[in-house]
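Every chain is numbered from 1, with letters handed out A, B, ... down the list of sequences. Computation of the quantities below employed the complete heavy-atom set of this structure, encompassing side-chain atoms and omitting hydrogens, waters and symmetry-equivalent molecules.
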2 protein chains.
Amino acid sequence: MLLSKSCVYGLRAALFLATRKDGEYTPIKGMSEKLEISFHFLTKILQQLTAEGILKSYKGPNGGVKLTKPGHEVTLMDIVLAIDGPKLLTECALGLPGCGLKNPCPLHDKWAETRDSIRDMLENTSLTDLVRKGIEENLRLTDDGDFEDLLRI
Amino acid sequence: MLLSKSCVYGLRAALFLATRKDGEYTPIKGMSEKLEISFHFLTKILQQLTAEGILKSYKGPNGGVKLTKPGHEVTLMDIVLAIDGPKLLTECALGLPGCGLKNPCPLHDKWAETRDSIRDMLENTSLTDLVRKGIEENLRLTDDGDFEDLLRI
DNA sequence: TTATTTTAAGACAAAAGACTCTGTAATTAG
DNA sequence: CTAATTACAGAGTCTTTTGTCTTAAAATAA
């Protein structure tokens, strides 16, 4: 797996939140059912995003979580970084410590290029980009559902 | 980690074998010491490569493992595929089953591009490519050593 | 205040990944 | 034949990831 399962779930949840109205808190319970992710596990993941300042949370009735910034200001990279950490896109492909421009491994140059292409994609794609695409083409965030489903809630 | 640790070790070992003379079997013990990888663990990984036909092995004195094909015919993709499996570069970034051209997720297109760029790099880089680069620039396959080290054995 | 709804936190269990150990089989050298 | 050297096979351990469960804390509503 290129991305951890937590990260994948985090991306799904972030996209889901980007479909909600600004200012409204969305309860994790409903989200977990809609996205078919275990409630407690999703809670943990979203706590990480909250700790990183990507989400705001509120307890009690009408509470839940929401994006702190508008969806077009949140990139996939923000989510991946918060969950899988910065090492994901800096580590040496041969596992050598200190591999870099100064003391590279034979694969360093090509691998750095590859990592950069991943990074570029993640940095240049916002949640809103994908929500817009999802709406226009009526795509899905779950095994069975479609985007109209999500927007109807 | 984009690649599993087993995969990373497998790549190092495959590169090491590509520096050896054709036809000679290299004992895993020496390789594990040179590459600073646990002997038993490396053995397991190389057994996978042997099972996949990438290596040939021979028991007894003067035995060991060697590449079945010349290094310029073995790509990094061959190694990654043998160890991390084909799913690594086909899975959906949002974890949706059946995500593809027919029933894509909102991230499918961009993610497919990203995966392809990884795949292209792996498929278009042979062991010999990297060994050559390693020799020319005297790079390293271990934390401390350099390529001259390896060739001297 | 009391009951309800929600997130937060932490202990716990299960599964997968990373690694170790022990023994066996094949091969060679003496 | 015997001893040494090597890969092979499988069980076992440790760690990380994934997932569950229970309790606490905050907020609201009645």
### Task
Would you mind reading off the distance between A:I37 atom CD1 and D:dT18 atom P, rounded to a whole angstrom?
13 Å
### Task
Assign a letter to each nucleotide of nucleotides 10-21 of chain C from its 5' end: B, base within under 4.0 Å of a protein heavy atom; S, sugar-phosphate only; -, no contact.
-B------SBBB
### Whole-Å distance separating the CG atom of A:D84 from the C1' atom of D:dT18
13 Å
### Query
Just how far, in rounded Å, is P of D:dA7 from CG of B:L17?
11 Å
### With sequence neighbours excluded, residues passing side-chain contact (heavy atoms from CB on, under 4.5 Å) with B:D22
none
### Passing candidate, side chain to side chain contact (heavy atoms under 4.5 Å, CB included) with B:I28, options B:I45, B:I37, B:L42
B:L42
### Message
Please report the interatomic distance CG(A:N103) to CZ(B:R140), rounded to the nearest 0.5 Å.
### Response
4.0 Å
## Note on the structure
The complete set of salt bridge (charged side-chain N to carboxylate O under 4.0 Å, His left out) pairs with one or both residues in residues 99-118 of chain B, sequence neighbours excluded, reads A:K133-B:D109, B:D116-B:R119
#### Entry: Exercise: identify the closest heavy-atom pair between B:G71 and B:S126
O-CB, 3.7 Å
### Query
Looking at CE of B:M31 and CG of B:L35, how far apart are the two atoms once the value is rounded to the nearest 0.5 Å?
7.0 Å
### Query
Can you get from A:L139 to B:L96 by hopping between Ile, Leu, Val, Met, Phe, Trp and Tyr side chains that sit under 4.5 Å apart?
no
### Cation-pi, B:F16 ring and B:R12 (6.0 angstrom, 45 degrees)
no
### Message
Expressed as a whole number of angstroms, how long is the span from B:E33:CD to D:dT6:P?
### Response
11 Å
### Message
Can you pull out the residues from residues 49-65 of chain A that lie within a 4.0 Å heavy-atom distance of DNA chain D?
### Response
A:Y58, A:K59, A:G60, A:P61, A:N62
#### Entry: Mutual orientation of the aromatic rings belonging to B:F41 and B:Y9 [parallel < 30°, tilted 30-60°, perpendicular > 60°]
perpendicular
### Task
Round to the nearest Å and state the distance from A:L88 atom CG to D:dT17 atom C1'.
15 Å
### Task
Return the residues of residues 22-31 of chain A meeting this criterion: a heavy atom under 4.0 Å from some atom of DNA chain C. Order them by number, or give none.
A:T26, A:P27, A:I28
### Query
What heavy-atom pair brings A:A93 and A:L107 nearest, and what distance separates the two atoms?
CB-CD2, 3.7 Å
#### Entry: Exercise: do B:T50 and B:S57 side chains pair donor with acceptor under 3.5 Å
no
### Query
Rounded to the nearest Å, what distance is computed from the NZ atom of residue A:K87 to the P atom of nucleotide D:dT17?
10 Å
### Task
Estimate the overall bend of the helix from C:dT1-D:dA30 to C:dG30-D:dC1 from the end axes over five pairs each, rounded to 10 degrees.
10°
### Query
Rounded to the nearest Å, what distance is computed from the CG atom of residue A:L35 to the P atom of nucleotide D:dG19?
14 Å
### Query
Between B:L49 and B:A82, which heavy-atom pair has the shortest distance, and what is it?
CD2-CB, 3.7 Å
#### Entry: Step-by-step side-chain contact (heavy atoms from CB on, under 4.5 Å) determination, A:L122 to A:T75
CA-CA 7 Å; A:L122 294 174; A:T75 69; over 6 Å; no
